[in-house]
Amino acid sequence: MDMASLSSNLLFIAFVAYLVATFLFGGAVKSSNAQTTKSFDRWGKLAITVTIIGFIANLGYFITRWIAAGHAPVSNLFEFTTAFGMMIVGAFILIYYIYKAPALGLFALPIAVLIIAYASMFPKEISPLIPALKSYWLTIHVITAAMGEAILAISAVAGLIYLLKNIDLTKKSKERFWIEAVMYVLFIVVGFVVSTVSFSVANYSAEYTYISKDETQHTIEYTMPALFGMNESEAITENAFEPYVEMPPLVNAKKLTSVVWSILFGTVIYLLLRLILRKRISTLLQPLTKKSNSQLMDEIGYRAVLIGFPVFTLGALIFAMIWAHEAWSRFWGWDPKEVWALITWLFYAVFLHLRLTKGWHGKKSAWLAVIGFIIIMFNLIAVNLIIAGLHSYA
C-alpha cells in the first residue's frame with residue numbers, strides 16, 4: 001500500500017472514530033443527567049479514548065499525506081479543511097482534559113465530522129505546488145492560522161451549548177429565531193455534501209468555454225447543472241444545462257453554482273427533518289445541554305478566544321504578511337482572503353474589548369463566539385468558493 005492510499009484509509013478511520021465518539025459522549029451526557037457517577041465516568045473515558053484514537057489516525061493521515069506529497073498537506077481546500085477538522089478535535093481534547101465537560105464533545109465532534117465530510121467533496125489528488133506556494137512559509141502560515149481558528153471554534157461550541165441551555169425555546173423571540181438559524185446554517189454544509197454526492201452518482205458533467213479576467217479563453221467542467229455561467233461562457237457539451245445568469249470574471253460561477261445547490265439541498269433536508277420531527281432542531285438538541293454548567297461554558301468560551309486570538313494573529317496576519325512579501329513583493333494587497341482574515345481578526349479584537357471593558361458575559365459573549373465561527377466558516381466556504389483572487393488555488 002502506498003502512502004497516498006494509507007493516508008486516505010487513516011482519514012476514514014478518524015472519521016468513523018469521531019462518529020462513534022459522538023454517540024459515546026451522548027451516553028456520558030445522559031449518564032450525567034441521570035447523576036450516576038460510575039456510568040458517567042465509564043462513558044466519558046470510553047468516549048475520550050475513541051476520540052484520541054481517531055485523532056491519532058487523523059494525525060497519521062496528515063503525516064503520511066505530507067510524505068506522499070513532499071510538502072505540508074495544506075495547499076488546497078481538501079487538505080486545509082481536513083487539517084482544520086483535525087485541529088478542532090485536537091483543541092477539544094486539550095480543553096476536555098482541563099474541564100471534563102462531555103457536552104463539548106457531543107457538539108464539537110459533529111462539527112469536525114461535518115468539516116471533514118465537506119472537505120472530502122473536493123478533489124483529493126496530490127498535485128505539485130504552484131510556484132507561489134513553494135515556501136516554508138506555506139507550512140508556518142497555514143498551519144498556525146488553522147490552529148488559531150480551531151481553538152476559536154471551541155469557543156463557539158461552548159457558546160452554542162450556553163445558548164441552547166439558556167434560551168427559552170418555548171416562547172417566540174429573536175433569540176429563538178437566531179439559534180435556529182445557526183442550526184439551518186449547519187444543514188447547508190450537509191447540503192453541500194449531499195448535492196455533491198448526488199450529482200457524482202448521477203455522473204453529471206458538462207464543459208463550457210469562458211473568457212477569464214486576463215481576457216484569455218479557458219475550458220471549465222461543471223459537475224452540477226450550471227445555474228450560473230462563467231464570463232462569456234459557451235457550452236461545449238451537447239444539450240448542456242443553460243446557465244440562468246452569466247457572472248463577471250471576478251466571480252467563480254462554477255463554485256457559486258455549488259454554493260447555491262448546497263443551499264437548496266440543505267434547505268430541503270432541513271425542512272423535511274422539521275416536518276418529520278415536528279419540532280425545531282434547537283428544541284431537539286436543548287435537552288442535551290440541560291446539565292451543562294453555564295458558568296463553565298462561559299469561561300471555556302472566553303479562555304478559548306484568549307488562546308486562539310493570538311495564535312490566529314500570528315498565523316493569519318503576521319506570518320501571512322511575511323509570506324505575501326516573499327511571494328508577491330508586498331505585505332498587503334486587499335485580496336478577498338486577506339480582507340476576510342482582517343475582518344475575522346477585528347471581530348475577535350472587539351469580542352475581547354467588549355468582554356474585558358464592557359462586561360459582556362453570558363449570552364452576549366456566547367452570541368459573539370458563535371458569530372465569530374460563522375465568520376470563519378464564511379471565509380472558508382463562501383470566499384474560497386465564490387470570489388476569485390490570489391488565494392483561488394486553495
Side-chain angles (χ1 to χ4, degrees), residues 76-78 80-81 114-125 180-275 281 335-337 339-340 374-394:
N76 56 46
L77 263 178
F78 169 72
F80 175 81
T81 310
L114 263 182
I115 287 172
I116 294 172
Y118 168 75
S120 68
M121 298 301 104
F122 295 102
K124 306 173 186 64
E125 294 78 15
E180 189 65 19
V182 172
M183 300 295 112
Y184 170 69
V185 169
L186 295 175
F187 274 89
I188 292 175
V189 180
V190 175
F192 177 82
V193 175
V194 174
S195 61
T196 304
V197 170
S198 299
F199 288 118
S200 177
V201 170
N203 200 29
Y204 182 86
S205 178
E207 290 190 338
Y208 301 81
T209 60
Y210 71 97
I211 305 299
S212 65
K213 59 183 177 181
D214 58 5
E215 298 185 352
T216 57
Q217 189 178 70
H218 299 270
T219 301
I220 190 167
E221 180 188 10
Y222 279 70
T223 53
M224 297 180 177
L227 302 176
F228 301 91
M230 300 291 285
N231 182 49
E232 298 183 30
S233 66
E234 293 184 8
I236 299 174
T237 305
E238 189 177 349
N239 298 323
F241 192 88
E242 189 68 27
Y244 291 112
V245 182
E246 183 180 287
M247 304 305 296
L250 177 65
V251 176
N252 188 318
K254 175 186 173 181
K255 292 180 177 179
L256 176 59
T257 293
S258 298
V259 170
V260 173
W261 276 116
S262 302
I263 294 171
L264 292 173
F265 271 75
T267 301
V268 170
I269 294 168
Y270 170 79
L271 292 175
L272 283 175
L273 202 57
R274 283 285 304 269
L275 285 171
I281 306 302
D335 184 70
K337 286 282 287 183
V339 171
W340 274 96
I374 291 173
I375 292 172
I376 289 172
M377 292 305 293
F378 182 85
N379 191 7
L380 176 65
I381 298 173
V383 176
N384 269 324
L385 292 185
I386 299 172
I387 304 173
L390 290 172
H391 290 76
S392 293
Y393 52 76

Say you draw a straight line from [atom1] of [X] to [atom2] of [Y]; how long is it, rounded to the nearest 0.5 Å?
| X | Y | atom1 | atom2 | answer |
| --- | --- | --- | --- | --- |
| Thr267 | Leu272 | OG1 | CG | 11.0 Å |
| Ile269 | Leu273 | CD1 | CG | 9.0 Å |
| Thr257 | Asn252 | OG1 | CG | 8.5 Å |
| Thr216 | Ile211 | OG1 | CD1 | 7.5 Å |
| Phe122 | Lys255 | CZ | NZ | 7.5 Å |
| Glu207 | Thr219 | CD | OG1 | 6.5 Å |

Checklist line | Any donor-acceptor pair under 3.5 Å from Lys254 side chain to Glu221 backbone | finding: yes
Item checked: Candidate pair Trp340 and Ile375, rule side-chain contact (heavy atoms from CB on, under 4.5 Å), full reasoning -> CA-CA 8 Å; Trp340 274 96; Ile375 292 172; 4.0 Å; yes
Next item on the list: State, with a plain yes or no, whether a side-chain heavy atom of Pro249 is found less than 4.5 Å away from one of Tyr210.
Entry: no
Check: Got Ile376 and Leu380 here, is their nearest side-chain heavy-atom distance under 4.5 Å?
Finding: no
Closest non-hydrogen atom pair, [X] against [Y]:
| X | Y | value |
| --- | --- | --- |
| Thr81 | Ala119 | CB-CB, 3.5 Å |
| Pro225 | Phe199 | CD-CE2, 3.3 Å |
| Ala253 | Met247 | CB-CG, 3.8 Å |

Next item on the list: Ignoring hydrogens and angles, state whether a donor on the side chain of Glu180 or Tyr270 is under 3.5 Å from an acceptor on the partner side chain.
Entry: yes
Next item on the list: For the residue pair Ser233 and Glu246, confirm or rule out a side-chain donor-acceptor distance under 3.5 Å.
Entry: no
Under 3.5 Å, sequence neighbours excluded: what are the donor-acceptor pairs made by side chains of residues 186-198?
residue : atom : partner : partner atom : Å
Ser195  : OG   : Gly191  : O            : 2.8
Ser195  : OG   : Phe192  : O            : 3.0
Thr196  : OG1  : Phe192  : O            : 2.7
Ser198  : OG   : Val194  : O            : 2.7

Notebook entry, point to check: Is it true that atom OH of Tyr204 has more than 12 heavy atoms of other residues, nucleotides or ligands lying nearer than 6.0 Å?
Noted result: yes
Margin query: Tell me whether Glu234 at atom CD has more than 12 heavy atoms from other residues, nucleotides or ligands lying less than 6.0 Å away.
Written below: no
Next item on the list: Quick one: sort the Tyr222 and Tyr208 rings into parallel, tilted or perpendicular, breaks at 30° and 60°.
Entry: perpendicular
